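All values below were derived from every heavy atom in this structure, side-chain atoms included, with hydrogens, water molecules and symmetry-related copies excluded. Remember, predicted model here, so these are calculated numbers, not experimental data.
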Amino acid sequence: MSFAPEPARPHDQAELTAVLLCNLGTPDAPTPSAVRRFLAEFLGDPRVVEIPRPLWWLILHGVILRVRPKQSAARYASIWTPEGSPLTTWTQVLTKRLAGNLGERGHRVTVRSAMRYGAPSIPQVLDELKAAGATRVLVLPLYPQYAASTTASVVDAVLGWSRRIRAVPEFRFVNRFHDDPGYIAAVARRIADHWAANGRADKLVMSFHGIPKRSLTLGDPYHCECLKTARLVSEQLGISANDYLVTFQSRLGRAEWLQPYTEPTLVTLAHQGVRRVDVVCPGFTSDNLETLEEIDQEARTAFLKAGGAEFRYIPCLNDQPDWVRALTALAERHLQGWDTRGGPDARELALRRQRAVDGGAKA
């Protein structure tokens with residue numbers, strides 16, 4: 001095995017600490033060809049689909065990638081903005097907000113974002129950070145609840161990159177923040193602000209992304225962490241267990257996934273006479289296809305067709321100030337022990353490096 005040559009770097013160059021925010025990813029465009037490339041990478045990850053590779057390869061390439069890209073492209077087109085994918089836009093905004101907050105608090109760190117699938121990829125951004133002189137990297141997946149199919153997959157990508165590097169940076173990983181007080185307070189504040197402006201619905205539905213039930217039986221902690229998040233948010237809001245429901249969305253295939261399923265639950269609520277629902281997705285920190293199309297379009301239509309009168313979607317945290325402050329505090333806790341503070345000269349150097357890395361240049 002050969003390793004990549006180390007980038008040229010002055011011996012007196014100060015060590016650089018970086019924070020890498022990682023999100024799931026998105027196609028480059030709402031077109032069948034772009035969606036096909038994205039799905040091939042996403043669904044080809046053995047962390048995402050845990051069935052024997054030869055069998056899954058035949059299903060994926062023989063059926064799914066022939067049929068699904070056109071359908072999914074239309075769904076992506078329904079949420080696409082002039083700036084592109086909402087997930088990419090919100091992740092970029094959050095990255096800038098976090099960089100600004102950490103800088104204002106005296107940390108000389110570079111903050112970048114990467115996507116587990118699609119662009120910019122985790123290996124690409126790590127290459128850029130290493131070229132800029134990064135020797136310490138805090139990897140912060142934007143998944144509040146840990147799951148092998150999400151958080152662990154980010155770890156896989158980072159460690160896969162490190163296998164071809166001669167001088168591997170020091171890494172730290174944030175595995176979860178499902179019960180972080182700042183995150184919980186930010187979610188509760190998002191809901192409370194919605195209620196203050198619109199009044200409370202008859203029922204609050206907290207919809208989390210689903211995973212196969214088999215993952216739970218094999219020991220994945222995701223289900224428990226979703227339930228804890230919902231409980232803590234409800235306590236912060238001062239509501240009872242009868243006031244909200246936890247559901248799971250985004251099923252793939254015919255196997256049983258975590259239940260209750262979101263859309264069928266909403267239909268049942270409408271049949272039971274529940275007239276108004278508020279739906280929030282605490283497992284997503286940035287709005288994306290699963291929130292804007294699956295929930296705010298498909299689930300809305302299903303609820304209203306079943307007899308419901310009012311469906312109100314509460315947006316993700318996105319760049320909410322409380323969330324940015326919570327993320328800043330979370331990063332600070334995990335940066336402890338690394339020398340990230342310095343005087344004005346050090347901070348100016350960090351700012352120059354941040355600009356250089358943002359521009360794709362070598363510092």
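Proximity of a side-chain donor or acceptor of Lys130 to a complementary backbone N or O of Ala167 within less than 3.5 Å is detected. Between the side chain of Asn101 and the main chain of Thr328, no donor-acceptor pair closer than 3.5 Å is present. Here the side chain of Arg112 pairs no donor or acceptor atom with the backbone of Leu129 at under 3.5 angstrom.
Here Arg164 pairs with Asp127 in a salt bridge; the nearest charged N to carboxylate O distance falls below 4.0 Å. Residues Glu6 and Arg166 are not paired through a salt bridge, judged by the lack of any N-O separation under 4.0 Å between the basic side chain and the carboxylate. A salt bridge does not link Arg190 to Asp322: none of the charged nitrogens lies less than 4.0 Å from a carboxylate oxygen.
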For residues 31-40, please give each side-chain donor-acceptor pair under 3.5 Å, one per line with the distance, not counting sequence neighbours.
unit_1 : atom_1 : unit_2 : atom_2 : d
Thr31  : OG1    : Ala34  : N      : 3.3
Arg36  : NE     : Leu65  : O      : 3.1

Can you give me every donor-acceptor pair (side chain of residues 138-148, partner residue at least two apart or in another chain, under 3.5 Å) with its distance?
unit_1 : atom_1 : unit_2 : atom_2 : d
Tyr143 : OH     : Leu24  : N      : 3.3
Gln145 : NE2    : Tyr183 : OH     : 3.3
Gln145 : NE2    : Thr229 : OG1    : 3.0

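Applying the side chain to side chain donor-acceptor pair (under 3.5 Å) rule to Glu310 yields no partners; only residues at least two apart in sequence or on another chain are considered. Arg214 meets the salt bridge (Lys or Arg N to Asp or Glu O under 4.0 Å) test with no other residue; sequence neighbours excluded. By the side chain to side chain donor-acceptor pair (under 3.5 Å) test, Asn175 pairs with no residue at all, sequence neighbours left out. For Arg105, the salt bridge (Lys or Arg N to Asp or Glu O under 4.0 Å) criterion is met by Glu332, not counting sequence neighbours. Partners of Glu263 under the salt bridge (Lys or Arg N to Asp or Glu O under 4.0 Å) rule, at least two apart in sequence or in another chain, do not exist in this structure. Scanning for salt bridge (Lys or Arg N to Asp or Glu O under 4.0 Å) contacts around Glu83 gives an empty result, with sequence neighbours left out.
Closest non-hydrogen pair, Phe303 versus Val274, comes out as CZ-O, 3.6 Å. The heavy-atom pair separating Gly25 from Leu87 by the smallest distance is O-CD2, 3.2 Å. Residues Ala131 and Pro7 share a closest heavy-atom pair of CA-CG, 4.0 Å. Closest non-hydrogen pair, Ala299 versus Leu266, comes out as CB-CD1, 3.7 Å.
In summary, the side chains of Ser207 and Thr262 do present a donor paired with an acceptor at a separation below 3.5 Å, with no hydrogens or angles considered. Side-chain contact of Glu256 with Gln259: a donor-acceptor pair under 3.5 Å is present, judged by distance alone.
Residue pairs meeting the ring-ring contact (aromatic ring centres under 6.0 Å, His included) criterion with at least one partner in residues 108-140, sequence neighbours excluded, are Phe42-Tyr117. Annotation: ring-ring contact (aromatic ring centres under 6.0 Å, His included) contacts involving residues 223-270, sequence neighbours excluded, comprise His223-Phe248. Here ring-ring contact (aromatic ring centres under 6.0 Å, His included) pairs that include residues 61-106, with residues two or more places apart or in two chains, are Trp57-His61. Pairs passing the salt bridge (charged side-chain N to carboxylate O under 4.0 Å, His left out) check and including a residue from residues 40-62, sequence neighbours excluded, read Asp45-Arg116, Arg47-Asp156.
Results of the salt bridge (charged side-chain N to carboxylate O under 4.0 Å, His left out) test with Arg312 over Asp296, Asp278, Asp202 single out Asp278 as the only residue that passes. None of Val277, Ile239, Leu245 except one satisfies the side chain to side chain contact (heavy atoms under 4.5 Å, CB included) rule with Leu204; the exception is Ile239. Residue Ile314 is tested with Thr291, Val187, Val280 for a side chain to side chain contact (heavy atoms under 4.5 Å, CB included); the sole match is Val280.
In the hydrophobic clustering of this structure, Leu43 does not group with Met115; members are Ile, Leu, Val, Met, Phe, Trp, Tyr whose side-chain heavy atoms approach within less than 4.5 Å, directly or through other members.
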Review point. Can you list the steps and then say if Ser215 with Asp220 is a side-chain hydrogen bond (donor to acceptor under 3.5 Å, both in side chains)?
Key: CA-CA 5 Å; Ser215 298; Asp220 199 303; 5.0 Å; no
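Rounding to the nearest 0.5 Å gives a distance of 11.0 Å between CG of Asn23 and CD of Gln92.
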